[in-house]
Amino acid sequence: MKGAEEVSDLILEDVRKEFGSFVAVQGANLTFEAGKLTALLGPSGCGKTTLLRMIAGLEGPTKGRILLNGQDIAPLPAEKRKFGMVFQSFALFPHLNVARNVSYSLRIAGVDAATRRARAQELLDLVQLGDKGQNRVGELSGGQRQRVAIARALAQEPEIFLLDEPMSALDAKLRNDMQMELRLLQQRLGITTIVVTHDQREAMTMADRIVVMSHGRVEQVGTPQEIYHRPANAFVASFIGNANLLQGLSTERGVRLGDTEFAVADHGGFGAGRAVTLFCRPEAVRLSDSVPAANGLPGTVTFVRDEGVAREVHLDTPAGHVTAEIPGSFHETVRIGDRVHVEFPADTLHLLPAIESKAA
Amino acid sequence: MTASTLPQRSVLRGIGVLHVAAVLVLAVVPFLLVFAISFGHKVEGAAWVWGFELTNYRRFFVGTDYPDSVSLLYLKYLWYSVWYALVAAILAVATAFPFVWLMTRGSRRAQTVWLVFFLCSLTFSEVFIVMGWDILMSNRSGLPMVFQETGLTDWLKENGGLDLLREWGLATPRNVRFKPSEFATILTLTYLVWPYAVILLYPPISKIEREVVEAARTMGASPFTVVRTVVMPMVRTPLVGAVLLLFVFLLGAYVTIAVFADPSKHTLSISVYEAVRGSTLNAPFGSAQAVVLLLTAAAVLVIGQRFLSAKTGGH
Amino acid sequence: MGKLLARAFMGFAALWIIFPILVVCLAALNGGRTMFFPPEDPTLARFAEFFLIEEIWVRSLQTSFVVAFSSAALAVLTAWPIAYALWRRNSRASKLVAGLASMPFALPPIVFGVGLVFFWGYLGALGDLWSGILSHTILFLALPLTTLSIGLQSIDRAHLDAAATMGASETTAFRTIILPQMMPFTASGFFFALVLSFNEFIVIFFVSASGYSTVTVQIFNSLRNGFTPTMAVGAITFLAISALVFSLIARFGNLPQLLGADTSKSS
């Protein structure tokens, strides 16, 4: 492995991609830190795969520069970049056996057979498939295929390791295991890695940093904690986990929802009298029988989803629909139609820009 | 973004253009020649010269001596071409459809075995097939002999069956006689395209999912009703398409007609051959007949397409 | 009851297809000069006559082999670049070329035969063996064109992307990814063309212009003197070749897929 060798950050400068009149990626400015795992997260059609393919060299950007080691690699085709890539379908070659799939890049680079065999074995050992080298691809299970695809992409010692929705072909249980395994492998090798996913849980499990995208735009870049607790806007807040988003007007030290004024810890620099969105995670919302000192609203329970470990309570309040997540309990019960008091603790509230109306 | 250099690429491109040109010349020019020569002029006692005259088409539709007299001989040939081809194509598709339906419900392995079987018979040369049916239907051996030997002939004579067959042209006063006859012609033509019908119907019918059929059955449809109300409407387009393709294919049938059809009921393909390579040697007139054959095929295809798109459009 | 009826119908269909073929094959065993069914005085002497002794049969069988093998090989070589361009570019021009190249196969062969008589006659090549080979090449070009297109469509484009990320140029990817995966389809196209060329009659009848004759032409020419049991040996030979070739295709290729059936659900 290269390991010790110094590799620079991968920098995207104003990278844009158009397909005809459709803008797939609009001017992305991103820095992928060397040795870190970055997840490109967003709903399908948000441009994350196109961005990954531009980094791989499979698509040419319409505009912009892609910098690695101080050099613009945007004009280089994929075969000159040789960033290892794992595809959604794994794209294993059916006419080659497992070991030959893994050593494919070495074969076309003209590496001698003995070295190839040794390297293939080394990589298959790395992904715990040391005894499967002579098997046909068709004989492998989904999880094994993915490991082969990972080994194959790493065989050429790429500077950047790319994965396009690597877990989508696996079932739920296997997916959880592979997320951990892939993360541990990446940390062991210390290789700059970019993973495309639409699954926020997967992104948070594996990534050092998450890039949230929608409609070809980068919405936010940050650590999983930043993205979850300090979303930049309503889209990020609702795409990552569940969120209560209530429309209101900003005041000097808080927000006004209907008749009630709430104190807000993170005011976000909005002046008074602006339309804003109040953001609060369901697990921060408190329910009680007595009227709270501040930041309280009366509510009626409309639905209860009891998941055992936690309880998701849906409520109607004067400010709109609110979801609260409270610890599960065998003794206390919450029923549809119960009237309770809903408290939004000031230190868990944040103000976000108002959700743009559809007409705008 | 390939590694090849510019001169390399232009050489490749040049070879590509030459390749395409050669293919197109061989695939298209023969048809153009047929079309062009159909307007040519036949020189008595010699070959023919280029020209632009409609003599050959006039001869086809109304005869050489028009307007003094009208001859519909070649229109009659055309009629027999269409008649044989249409009946045989419809018969083949109508009988192959239930077969393919049953076949696609079998295992994949069984399907492959059937396909190999039909591909073998499909590629089996027309001349061999005609040979087989000829042996079967010839008067000195085959079925007429079987009729005679088993006493079937005598039985037919006694209860008047033979007279009925004679009316249909399938018997002499002494025994049954299958060739030449329209019966033998159409039978052999149907046989000729039957495996084609199977191969054409196989893809669309194999794509009908088991669950669609099961859904119909849970709603109370018997297997036969399922085929009639679900399967048939689903594959109506391929069924009509298969009839059309087989029809076009049969328009050019030669050996079967030459062996089994009565000379008075021959088709255009026979007279095309006679004009181009056979005894009459009139290339322009042969071409004109070939063009009419081609136009008939095209017309039937267009009408069929209209029929299909109108039906689906009205849905 | 319904199952029984279905089986009976399928059995009857198989019988109806196999009966005349069986008749031809058994006729080869006739001892006399005329065809009888059932055969009289059974003997295998006709096989020796067909393969070894009678020169017209030996020569026409050779001609059949030469025409079939050369035209099938040429058809595959000709179809490859067209199918590849069609798949790579998928432009209107390449679609037009593929459509025109399939025209001789789709239209009544007698018309194409007439056109070829004029075409080769014009070039002074009518009756030459090479013009006959080229005629079959074009006539059956549609077959490898179809099998190759089916094969190329089944290649996952992600495979090519994957190869590119591992350093393969377009040429290298063609050599290491596309070509190996396309071998069954290339072979199928070749054998389809081979078998059909072998059995083709009308076009070769027109373009051979008595310059040479294949087995099918020879049989048709002998038709005027009545069928002889020796000709039936030819039928058996051809049938055996077809059966062998299609069994091989079924064994090593995916026959249902080649014929256009949906195979995505199985396997």
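Labels below follow one simple rule: chain letters A, B, ... track the order of the sequence lines, proteins then strands, and each chain is numbered from 1. From a predicted model like this one, the values you see are computed outputs, not experimental measurements.
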Check the orientation of Phe198(C) and Phe65(C). Use parallel for under 30°, tilted for 30 to 60°, and perpendicular for over 60°.
perpendicular
Which word best sums up how the rings of His95(A) and Phe93(A) line up, parallel for under 30°, tilted for 30 to 60°, or perpendicular for over 60°?
tilted
Between Phe174(C) and Trp80(C), is the ring centre distance below 6.0 Å?
yes
If we ignore hydrogens and angles and just use 3.5 Å, is the side chain of Asp112(A) paired with the main-chain N or O of Thr115(A) as donor and acceptor?
yes
Answer with side chain, backbone, both or neither: which region of [X] has an atom nearer than 4.5 Å to a non-hydrogen atom of chain C?
X	value
Leu92(A)	backbone
Phe83(A)	backbone
Arg152(A)	both

What option among Arg81(A), Gln88(A), Lys82(A) has the most heavy-atom pairs under 4.5 Å with chain C?
Lys82(A)
Quick one: of Gly84(A), Pro94(A), Ala109(A), who has the most non-hydrogen atom pairs under 4.5 Å with chain C?
Pro94(A)
With respect to chain A, which residue among Thr172(C), Asp161(C), Thr176(C) yields the maximal number of heavy-atom pairs within a distance under 4.5 Å?
Asp161(C)
Quick one: which of Ala173(C), Pro180(C), Ala163(C), Ala162(C) has the most heavy-atom pairs under 4.5 Å with chain A, could you say?
Ala162(C)
With salt bridge (Lys or Arg N to Asp or Glu O under 4.0 Å) as the criterion, how do Arg183(A) and Asp208(A) come out once you've worked through the C-alpha distance, each side chain's angles and the decisive distance to 0.1 Å?
CA-CA 10 Å; Arg183(A) 172 57 166 165; Asp208(A) 295 300; 2.6 Å; yes
With respect to Ile11(A), which candidate in Asp72(A), Thr31(A), Ile66(A) satisfies the side chain to side chain contact (heavy atoms under 4.5 Å, CB included) definition?
Thr31(A)
